[in-house]
Amino acid sequence: MHELAVCQGLIGEVERVAALNGASEVTSVTVLIGPLSGVEIDLLQNAFPIARAGSVASEAELVVETGDIRVQCTGCGAQGPAAPNKLICSACGDWRVRVVSGDELLLKSVELSRAPASAN
């Protein structure tokens, strides 16, 4: 289950973003996960509460968006969609393709909040 390590890395980045922006709390974390990323979304969602405990994101919601697989053919140059178990060019059917998207795991956005300033 490497998803816990992924979540721990994610929380580290979220804490960095929160510190850079002077946030007191993180309310939401949105990630984009491609089907070829090697990350199991269910396991990631189960690991997130463990990883966020004790951090500035301890109450944050994890929002997962999924991406599509796109390939570019090295033969004809066309770019198009592909299936995880069928990485071929949608235009000419050639198997010599380069994955353009679908293997990513991106921190897409972080919603932050700041504690109200004291009146002193």
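For the single chain, residues carry numbers from 1 onward in sequence order.
The CD1 atom of I33 sits 5.0 Å away from the CD1 atom of I41 when rounded to the nearest 0.5 Å. Taken from CZ in R98 to SG in C89, the straight-line distance is 12.5 Å, to the nearest 0.5 Å. To the nearest 0.5 Å, atom CG of residue D103 and atom CZ of residue R70 are 13.5 Å apart.
Sparse packing is recorded around CD of E59, with 12 or fewer heavy atoms of other residues, nucleotides or ligands lying under 6.0 Å away. Counting heavy-atom neighbours within 6.0 Å of E40 CD, excluding the residue itself, gives a total of 12 or less.
Closest non-hydrogen pair, G38 versus E3, comes out as O-OE2, 4.0 Å. When every heavy atom of P49 is checked against every heavy atom of Q45, the shortest pair comes out as CD-O, 3.2 Å. Taking every heavy atom of both residues into account, C92 and C76 meet most closely at SG-SG, 3.7 Å. Looking at every heavy atom in both residues, A60 comes nearest to F48 through O-CE2, 3.4 Å. The nearest pair of heavy atoms linking A51 to Q8 is CB-N, 3.9 Å. Between R114 and N21, the closest heavy-atom pair is NH2-O, 2.6 Å.
Follow the hydrophobic side-chain contacts under 4.5 Å out from L43 and you never reach L10; the two are in separate clusters. The hydrophobic cluster containing L4 does not contain V31, counting ILVMFWY residues as joined when their side-chain heavy atoms lie under 4.5 angstrom apart, directly or transitively.
Between the E13 side chain and the I11 main chain, no donor and acceptor come within less than 3.5 Å of each other. The backbone N or O of E61 lies less than 3.5 Å from no partner atom in the side chain of R52, so there is not a single donor-acceptor pair. A distance-only check finds a donor-acceptor pair linking the side chain of D94 to the backbone of R96 [under 3.5 Å]. A distance-only check finds a donor-acceptor pair linking the side chain of S24 to the backbone of S113 [under 3.5 Å].
Clustering of Ile, Leu, Val, Met, Phe, Trp and Tyr side chains at separations under 4.5 Å places L87 together with L36, I69, V71, V97, V99. Hydrophobic cluster membership for W95: I88 (Ile, Leu, Val, Met, Phe, Trp, Tyr linked by side-chain heavy atoms under 4.5 Å, directly or transitively). Clustering of Ile, Leu, Val, Met, Phe, Trp and Tyr by side-chain heavy atoms under 4.5 Å joins L106 with L32.
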Could you walk me through whether V26 and E15 pass the side chain to side chain contact (heavy atoms under 4.5 Å, CB included) check? CA-CA 8 Å; V26 175; E15 287 184 314; over 6 Å; no

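Using a 4.5 Å cut-off on side-chain heavy atoms (C-beta onward), V63 and S28 make contact.
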